[in-house]
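The next block holds one structure in the form of structure tokens; read it before the comments.
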Amino acid sequence: MKKILNITALSVGAMLFGQTQIIAHRGFWNADPKTAKNSIASLENAQKIKVYGSEFDVQMTKDGVLVVNHDEHINNVEIAETTYSELKSQKLSNGETIPTLESYLSTGKKDSSVKLIVELKPLKSEFRETEMVGKALQMIKGLKLENQVDYISFSLHICKELKKQDATVKVQYLKGELSPAEIKNLGIDGIDYHYSVFLEKHKDWLAQAKQLGLITNAWTVNDPAIYQQLKDLGVDFVTTDIPDQLLKK
Ligand code: MG
């Protein structure tokens, strides 16, 4: 009898907490051999290890072309102040040319089992951010990738604008200063915060977020012990540079 009760408790626990899923941060670049962050090769590596999702960063050129790059600059060239035709010869450290969002998404589409976590980077004005949101939504819809994509951003304007332009998309806010209740009131779907927010600064926020039905995600978790702590607290996702190692935990 006791054994049956224990099994029931475990299944209820699993239902309440679900399974923590792994997201490769800027693709699985930290492979053997290593490749460039946010490269097409890093996305293909993520597909090979069958991770839940692969994250990447989106910037916009002066003439409104969406490209995948973490920094505002590539090789000292400022993306927002450069046209795509001037930018397209720029190379990543692995020799690839800077990927357009369209080419990146097309590679992602080849394996529908790996979610594409699109981080829209803050731009210089809300006007430009609104433009980027519109272009990203349109492209993803055009490629019929709506069900494979989630959005994240440090820009609150981008998060709000995504929901305003398409209420059906899933959006998580990255910055870490807004409480779960504030995020819920803004109509945003989740919080993707640095793990120290959940484990040190606001120890009650994970539970609050889950109670409010928000998606919970923690970045950038590169220590298996921290991963275990977050997993025990029932976080939905962790974003990591070591997806291969955490998948084995
Ligand atoms: Mg990112």
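Counting convention: from 1, in listed order, for ligands and their atoms alike. The first residue in the sequence is number 1, and the count goes up from there.
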**Request:** Restricting to N/O/S, name the atom of E55 that gets closest to the Mg ion (ligand 1).
**Result:** OE2
**Item:** Atom of E119 nearest the Mg ion (ligand 1) (restricted to N/O/S, atom name only)
**Value:** OE1
**Message:** Are more than 12 heavy atoms, taken from residues, nucleotides or ligands other than K201, located less than 6.0 Å from that residue's NZ atom?
**Reply:** no
**Flag if over 12 foreign heavy atoms under 6.0 Å of CD, Q138** = no
**Prompt:** Parallel under 30°, tilted from 30 to 60°, perpendicular over 60°: which one fits the rings of H194 and W219?
**Reply:** perpendicular
**Complete:** Closest non-hydrogen contact found for K109 with L143 is NZ-O, 2.7 Å
**Request:** Looking only at N, O or S atoms, find the one in D57 nearest to the Mg ion (ligand 1) and name it.
**Result:** OD1
